[in-house]
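Here's the structure, in structure tokens; my notes come after.
Start at 1 and go down the list; that is how both ligands and their atoms are numbered.
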Amino acid sequence: LSKSKGRNRYEFFSHAIEEQAIEKRRLIEEMRIALKLGQFVLFYQPIFDQCGINATKAEALIRWNHPQRGLIGPNEFIPVAEENGLIEDIGNWVRGQAIEDAAYFYQLSGKKMQVSVNTSPLQIDHDGLWVDEWILACNKHDLPRDTMIIEVTENTLMDPDSPVQQQMQRLNHYGIDIAIDDFGVGYSSLAYLQRLDIDILKIDRSFIKHMDTNESSIALVRAIITMAHNLKVKVVAEGVETEGQHQLLKQLSCDYLQGYLFAKPMPSKDFIDQYVTPTLLVTE
Ligand code: C2E
Ligand code: MG
Ligand code: MG
Ligand code: MG
């Protein structure tokens, strides 16, 4: 009996695995089509100063406007795109769209609204083309290069001998800001902070989340901010959801705040209305 049971279970699992593989292939095929048909969109989440009033930066966050499934978040497709190389095409699209949007924001308001773009380590090639394309795209839109921020995770910068380091240095040399995303949860050492000219640390949401209730979370956030400021690096707190967290972060001199307490990611049109040209809003 147990033998046949085991066999059934095996068949059940192998069936499930096969279905997963089919599902994944379908997703990949659909992503290719999505790129061609323009189904990807960038949402923008404003990043505020300490008081939570003025937004001078915004993070571009990809969404997929799927014809059947509706709006899909990046966690559902970016990992698959990274697995099979499609991340390169998607990343190129994100760069082009984000720069176009940033140029438009700049044109509309006459002020610099920094746009922060997420980058997968797999997009950063070793021969420097990736950096060249960033520079070319900024030039094409007459965009001051310090309007753009590139977000990478710590793991991207872990290996001091990796050519990625050199590419990041070139980016920085050209004036594009570098932000470390999800700071504190990677397996990285801190050595890269000395090697590279980092502009911004984004403290991972998991630390911010427990600040209201957990003394050690506060201690960690305080230590990160102190270290960053000593290195002349600015700090963004990610995932600020409560007024309590906001007040604590203000006390700790956190430079910038991002989170649902202030605003959720939104379509670029809404972002423009609320944060790029707010004075042009007609009040009825
Ligand atoms: P991330 O870069 O750490 O982005 C922040 C995520 O936290 C976003 O999720 C945002 O919507 C969410 N968030 C912001 N404030 C709050 C808050 O107060 N509470 C909570 N619970 N969440 C908050 P999203 O848009 O689903 O993006 C998830 C991840 O997908 C991003 O994490 C980033 O790693 C990746 N991603 C997004 N867009 C792109 C892209 O264009 N290219 C690449 N390679 N990755 C992207
Ligand atoms: Mg990010
Ligand atoms: Mg710099
Ligand atoms: Mg993050």
Side-chain angles (χ1 to χ4, degrees), residues 31 34-35 39-48 52 55 57-65 70-102 114-125 130 134 137 148-157 164 177-186 188 198-212 221 224 235-246 249 254 256-268 270-271:
M31 279 193 277
L35 270 168
Q39 291 170 359
F40 291 114
V41 287
L42 289 183
F43 272 36
Y44 287 91
Q45 185 179 32
I47 299 173
F48 295 86
K57 309 178 199 302
E59 178 169 7
L61 295 158
I62 196 170
R63 303 284 181 267
W64 179 359
N65 213 335
L71 215 56
I72 304 178
N75 292 331
E76 285 192 52
F77 60 90
I78 290 289
V80 178
E82 283 178 332
E83 255 177 59
N84 89 324
L86 253 187
I87 190 66
E88 229 182 283
D89 290 340
I90 294 178
N92 287 343
W93 176 82
V94 169
R95 178 185 53 223
Q97 188 64 51
I99 289 177
E100 195 182 315
D101 289 344
Q114 273 194 306
V115 170
S116 206
V117 180
N118 290 285
T119 297
S120 155
L122 300 164
Q123 289 172 246
I124 308 173
D125 63 344
W130 176 75
W134 265 97
M148 303 308 292
I149 305 170
I150 291 182
E151 295 190 13
V152 292
T153 55
E154 297 165 87
N155 302 345
T156 310
L157 306 174
V164 166
D177 279 356
I178 301 173
I180 307 300
D181 202 358
D182 308 335
F183 183 79
V185 296
S188 176
I198 302 295
D199 299 283
I200 297 165
L201 283 189
K202 301 188 76 175
I203 306 178
D204 190 70
R205 188 166 82 222
S206 56
F207 298 106
I208 308 302
K209 193 173 176 179
H210 298 112
M211 284 183 85
D212 289 321
V221 171
I224 293 171
V235 181
V236 176
E238 296 194 281
V240 183
E241 292 187 352
T242 70
E243 194 49 45
Q245 292 161 3
H246 176 198
L249 287 160
C254 185
Y256 302 105
L257 309 166
Q258 179 180 3
Y260 293 170
L261 176 67
F262 308 106
K264 289 193 168 173
M266 61 189 87
S268 71
D270 297 345
F271 178 73

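The shortest N/O to N/O separation between Arg63 and ligand 1 falls below 3.5 Å. An N or O contact shorter than 3.5 Å is missing between Thr119 and ligand 1 by distance. Residue Leu61 has no nitrogen or oxygen atom sitting less than 3.5 Å from a nitrogen or oxygen atom of ligand 1, judged on distance alone. Any N or O atom pair closer than 3.5 Å counts here, and Glu59 shares at least one such pair with ligand 1.
Here is the list of ligand 1 atoms found below 4.0 Å of a heavy atom in Gln45: 14 (C), 15 (N). Close approach to Gly239 involves these atoms of ligand 1, each under 4.0 Å from a residue heavy atom: 16 (C), 17 (C), 18 (O). Atoms of ligand 1 lying under 4.0 Å from any heavy atom of Val94, numbered from 1 in the order shown and given with element: 41 (O). Those atoms of ligand 1 that come under 4.0 Å of a heavy atom in Gly259, given as number and element, are 15 (N), 18 (O).
For Glu88 and Asn92, the side-chain atoms include no donor-acceptor pair closer than 3.5 Å.
For Asp182 atom OD1 and Glu238 atom OE2, the angle they make at the Mg ion (ligand 4) is roughly 140°, to 10 degrees.
Using bins of under 30°, 30° to 60° and over 60° for the plane-to-plane angle, the ring pair Phe262/His246 lands in the perpendicular bin.
When non-hydrogen atoms are compared, ligand 1 lies under 4.0 Å from neither the backbone nor the side chain of Gln258. Contact annotation: for Ile62 versus ligand 1, heavy atoms closer than 4.0 Å belong to both the backbone and the side chain. With a heavy-atom cut-off of 4.0 Å, Asp182 touches ligand 1 through its side chain alone.
Nearest to atom 34 (O) of ligand 1 among the protein's heavy atoms is Asn118 OD1, 4.4 Å. Looking only at heavy atoms of the protein, atom 29 (C) of ligand 1 is closest to Asn75 OD1, 3.6 Å. Shortest contact from atom 11 (O) of ligand 1 to any protein heavy atom: Pro265 CG, 3.3 Å. For atom 24 (P) of ligand 1, the closest heavy atom belonging to the protein is Pro74 CG, 3.7 Å. Taking atom 13 (N) of ligand 1 as the reference point, the nearest protein heavy-atom neighbour is Tyr260 CE2, 3.7 Å.
The heavy atom nearest to atom 19 (N) of ligand 1, out of those in Glu241, Gln97, Glu238, Arg95, is found in Glu241. The heavy atom nearest to atom 12 (C) of ligand 1, considering only Lys264, Lys202, Arg205, is found in Arg205.
Remark: of the listed residues Leu61, Val94, Leu42, Ile149, Val94 is the sole one forming a side-chain contact (heavy atoms from CB on, under 4.5 Å) with Val117.
Residue contact annotation: Ser116 places no N/O/S atom under 2.8 Å from the Mg ion (ligand 2).
Contact between Gly73 and ligand 1 is absent, with no heavy atom of the residue lying under 4.0 Å from the ligand.
For Asp181, the N/O/S atom at the shortest distance from the Mg ion (ligand 4) is named OD1.
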